[in-house]
Student: 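Quick one: this structure, given as structure tokens, is what I'll be asking you about.
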Amino acid sequence: MSKEISLGRYYPAHSFLHDTDPRVKTILYAVYLVAIFIINQPITIGVLAGVILLQLILAKITPSILWSTVKPMLPLALFIFVINIFTIRQGDVLFSWKIITITGYGIEKAAIMAVRLVFLIISTSVLLTLTTTPVKMSDALEKLFAPLQVIKVPVHEMAMMMSIALRFIPTLAAETEKIMKAQQSRGADYDAGNFINKVKGYITVLIPLFVSSFRRADELAVAMDARCYRGGNGRTKLNPLKLTLRDVLCGIMFTLLAVLIVLIDFSLR
Amino acid sequence: MNSDPNKIIIEDVCFSYENVDENSGKAPRLALDGISASIEKGSYTAILGSNGSGKSTLAKIIDILEVPDSGRVVIFGKDTSNDELFWQIREHCCCVFQNPDNQIVGTMVEEDVAFGPENLGIPNPELRELVDQALKDVGLYELKDRETTALSGGQKQKLAIAGALAMKPDILILDEATAMLDPTSRDDFLSVVERMRVEKNLTLITITHDMTEALRCDKLIIINKGKVALEGTPEEIFMSEDLWQYGLKRPVKFNFAFEIAKLCGCKLTKEDLKSDEALTESLVKMLKTPGLKAPEALVSDKGDEENREIIMSVKGLSHSYDGNNTKAIDNINLDIRKGEVLGIVGESGCGKTTLITHMNAIVRPQEGEVVIHTDDGDLFCSNKKDTMKIRQNVGLVFQYPEYQLFEETVYKDISYGLKKMNVSQEEQKALIKEAADKVGLTDRELDASPFELSGGQKRRAAMAGVLVMKPKILVLDEPASGLDPRGRQEMFAIIKGLKESGTTIILVSHNMDEAAVNCDRICLIDNGKIQAVGTPKELFAMDRADELNVQRPRITRFSAVLKEKLEKVFTGIEFNEMDFVPEKEAEVIVRAVVKAGGSNE
């Protein structure tokens with residue numbers, strides 16, 4: 001009954017990107033992360049938007065799901081946009097009043113920054129969270145970072161922790177809502193008052209939430225123990241990762257697209 | 001040394017959760033204090049006891065989730081202290097715990113079931129077969145690609161069972177696994193488990209607070225203060241007069257039978273408790289006792305019920321959650337009368353919680369209205385300006401309220417609402433004392449940290465935090481859930497006290513027996529709609545209940561069987577269905593028999 005928390009949530013469906021090997025998706029994600037932050041030409045940004053749209057179609061993600069993913073981050077994007085408009089002072093001055101100066105260059109830069117953030121969120125969701133279950137994602141990370149085990153990095157444990165953390169997001173979100181309602185019945189008002197009062201109000205939520213998270217962690221540890229969990233050694237997988245030709249081709253194609261976009265971007269500067 | 005391969009043997013086991021305090025040298029409290037017990041392979045055993053008696057610790061010792069400080073545990077001939085046998089023992093013993101959310105590891109149903117066998121290193125295709133079979137066994141195969149968080153409570157517990165079955169266990173331990181389920185899911189869950197027990201030849205150990213559930217078992221072990229207090233078949237155990245001191249009581253129907261026996265001046269034997277037939281037969285025999293005297297007639301306290309003032313009215317209330325087309329509640333119309341206890345009964349997910357969160361304006365009406373009628377005029381839940389006044393008038397205590405405590409001391413926690421209302425320190429003191437008295441908290445407990453208290457005390461502290469605002473209407477969501485039978489009874493005594501002091505009470509429950517005894521009127525909700533509202537008498541009368549298709553309280557179900565038998569034996573006996581008072585059902589029957597002139601055989 002709790003409200004949908006879409007950040008970091010899996011969207012169950014059968015699509016091309018859902019079936020793609022999570023290792024390929026993780027690598028692609030890294031590639032696109034770099035691309036998003038390198039390019040700064042309006043044309044290439046447009047092309048990148050096209051590629052991301054293609055990915056969205058390949059993942060069968062509906063506009064409403066996309067919107068619920070992006071919506072919570074829009075205030076941040078807007079904030080970045082506004083800050084940049086006011087702080088970048090190079091270029092032709094469009095508007096100037098007292099200490100406020102707005103330049104055409106500033107607007108362009110600010111828009112690019114905001115768009116980057118939105119792209120970043122969409123890429124994270126479409127390549128990772130929305131199309132990959134936490135278990136698969138942790139499998140992928142475990143495999144990709146396996147070489148680090150040589151220098152004693154607990155790769156399996158870290159992957160397991162991450163997958164459990166993601167698994168508990170909806171549970172803790174529901175719990176937060178429940179505690180807030182309970183405190184509201186006792187007279188708490190989270191909307192009223194100044195900033196300090198609001199922060200104080202959240203303490204009444206955070207402490208019970210912490211206490212209950214520790215309790216849950218304890219109980220989960222016992223339950224995992226009872227199910228004979230003993231680390232990564234000797235564990236098998238119900239759905240082992242299998243790299244198919246299709247996965248490889250998909251990886252190569254999207255990587256080439258990203259490289260191409262970056263190259264065009266450089267040539268336009 | 002006994003190492004019977006067909007038994008779980010626990011010998012003189014001690015266990016404590018804390019270590020010995022080196023500074024004071026004080027010995028820690030023992031969770032298990034020299035306990036000895038044995039459980040047969042393939043048997044169905046219930047471990048009963050009050051909250052904190054050591055039941056769960058015992059279960060953990062069997063699965064070697066805790067290692068005893070002293071004593072010996074031998075599982076089917078294998079000693080748990082032998083490190084080489086450790087995994088062998090644990091692999092063949094599985095547990096299902098109380099909270100469904102805290103034992104699911106996987107995001108998807110099939111991934112979670114696979115977690116256990118994956119840990120055992122079982123390779124595909126065998127792994128896939130185990131997972132699919134386990135899901136089919138519990139009836140969740142169609143949902144294998146679902147997200148685990150999207151399942152209902154009952155489904156989550158069945159998922160936990162599937163996760164256990166996939167490991168091919170010999171022993172299955174249910175640690176209050178049904179405590180958070182409604183009666184329908186509970187029966188469903190138990191029938192799956194019991195079927196599996198027969199099919200897979202499991203040794204089943206269940207820890208429960210539900211005495212009727214315990215009746216299903218072959219053997220009961222009652223634990224008190226870390227020791228076995230009683231041990232035997234259900235009929236042996238429920239003959240005992242000491243149950244109350246162990247925090248337990250008899251199952252509803254036995255309670256009822258013992259009352260009739262007492263009124264007849266006879267005694268039941270353990271043979272009588274073996275089956276319903278034996279029990280009704282002996283009761284009929286007892287009722288034939290010559291010279292049977294009728295207890296004094298019931299004092300009818302009704303009369304003004306109908307004319308009571310209305311304190312809250314819910315009018316045409318509907319609500320649906322974001323992105324959900326089906327309505328959580330749909331056109332609810334309900335009047336709450338001043339000073340009554342109104343029960344709201346229905347299965348999990350029927351909309352009970354949505355309805356009550358409207359009552360103090362935590363959720364605002366989308367359609368319809370909730371009006372609180374106070375001495376200073378009407379308050380409307382859709383009006384934001386009335387919010388604070390509404391929350392002072394209507395106190396809402398959620399399920400498991402102890403999870404909302406946050407202050408350093410219980411006293412401070414209770415004072416939270418008062419501070420928000422800007423009540424002076426002296427006034428606060430008096431109000432807190434009054435609230436603490438109502439729920440039975442001592443001064444020592446008020447100064448303690450809420451996190452040091454026992455589960456039952458925490459719940460009282462949380463209730464006091466709402467009562468301190470002196471609400472005219474108190475809404476309680478499953479106030480007794482998770483408590484042992486004695487704790488439940490004490491909770492209902494507190495509620496009765498509140499009613500007597502003039503508070504109107506709305507009690508959300510899925511326990512028909514308790515609703516029938518404790519409520520003046522009951523509102524049945526099904527699928528977001530009101531199915532019926534009426535007194536327990538009206539709703540649970542045979543014809544009406546059949547017509548409404550509601551599950552009747554256990555006591556009425558059993559007494560109906562008895563009445564049918566009595567009608568055959570005593571010609572001219574009459575039962576007035578409207579004479580139904582659940583806690584006085586025994587008297588009603590005896591009176592009817594006396595009125596019919598005793599036996600005329």
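The analysis underlying the following values was restricted to heavy atoms, covering all of them including side chains, and did not include hydrogens, waters or symmetry mates. Since we're looking at a predicted model, the values are computed, not measured. Per chain, numbering begins at 1; letters A, B, ... match sequence-line order.
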Student: For B:Ala361, does its backbone N or O pair with a side-chain atom of B:Arg391 as donor and acceptor, under 3.5 Å?
Tutor: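 Side chain of B:Arg391 to backbone of B:Ala361: a pair is present.
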Student: Chain A heavy atoms under 4.5 Å from B:Asp101: which part of the residue, side chain, backbone, both or neither?
Tutor: both
Student: Quick check on the interface: out of A:Val222, A:Leu220, A:Ile164, A:Thr171, who has the most heavy-atom pairs with chain B under 4.5 Å?
Tutor: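 Winner by heavy-atom pair count: A:Leu220.
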Student: Is it the backbone or the side chain of B:Asp112 that comes under 4.5 Å from a heavy atom of chain A, or both, or neither?
Tutor: both
Student: What are the two closest non-hydrogen atoms of A:Arg186 and B:Gln404, and how far apart are they?
Tutor: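 That closest heavy-atom pairing would be NH2-O, 3.7 Å.
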Student: We want to know whether B:Thr57 and B:Tyr17 form a side-chain donor-acceptor pair, criterion being a heavy-atom distance below 3.5 angstrom.
Tutor: yes
Student: State, yes or no, whether a side-chain contact exists between B:Met108 and B:Glu147 at a heavy-atom distance under 4.5 Å.
Tutor: yes
Student: Heavy-atom cut-off 4.5 Å, strictly under: side chain, backbone, both or neither for B:Val131 against chain A?
Tutor: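 B:Val131 touches chain A through side-chain heavy atoms alone.
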Student: Pull out the residues in residues 203-218 of chain A that come under 4.5 Å of chain B, heavy atom to heavy atom, sorted by number.
Tutor: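 A:Thr204, A:Ile207, A:Pro208, A:Val211, A:Arg215, A:Arg216, listed by number.
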Student: Side chain, backbone, both or neither: which part of B:Thr387 has a heavy atom under 4.5 Å from chain A?
Tutor: neither
Student: Need one label for B:Val394: side chain, backbone, both or neither, based on atoms under 4.5 Å from any heavy atom in chain A.
Tutor: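 Neither; nothing under 4.5 Å.
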Student: Side chain, backbone, both or neither: which part of B:Pro471 has a non-hydrogen atom closer than 4.5 Å to chain A?
Tutor: neither
Student: Which bit of B:Leu418 comes within less than 4.5 Å of chain A, counting heavy atoms only: side chain, backbone, both or neither?
Tutor: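 Contact with chain A: none, neither part.
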Student: Can you tell me which portion of A:Met160 sits under 4.5 Å from chain B's heavy atoms? Options are side chain, backbone, both or neither.
Tutor: side chain
Student: Among B:Tyr416, B:Phe398, B:Trp87, single out the residue with the greatest number of heavy-atom pairs under 4.5 Å to chain A.
Tutor: B:Trp87
Student: Heavy-atom distances under 4.5 Å only: say whether B:Glu407 touches chain A with side chain, backbone, both or neither.
Tutor: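 No part of it gets close to chain A.
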Student: What part of B:Phe97 gets within 4.5 angstrom of chain A, counting heavy atoms only: side chain, backbone, both, or neither?
Tutor: side chain
Student: For chain B, which candidate among A:Ala182, A:Cys228, A:Ala221 shows the most heavy-atom pairs at distances under 4.5 Å?
Tutor: A:Cys228
Student: Spell out the residues in residues 231-241 of chain A that have some non-hydrogen atom less than 4.5 Å away from a non-hydrogen atom of chain B, in order of number; otherwise answer 'none'.
Tutor: A:Gly234, A:Arg235, A:Thr236, A:Lys237, A:Leu238, A:Asn239, A:Pro240
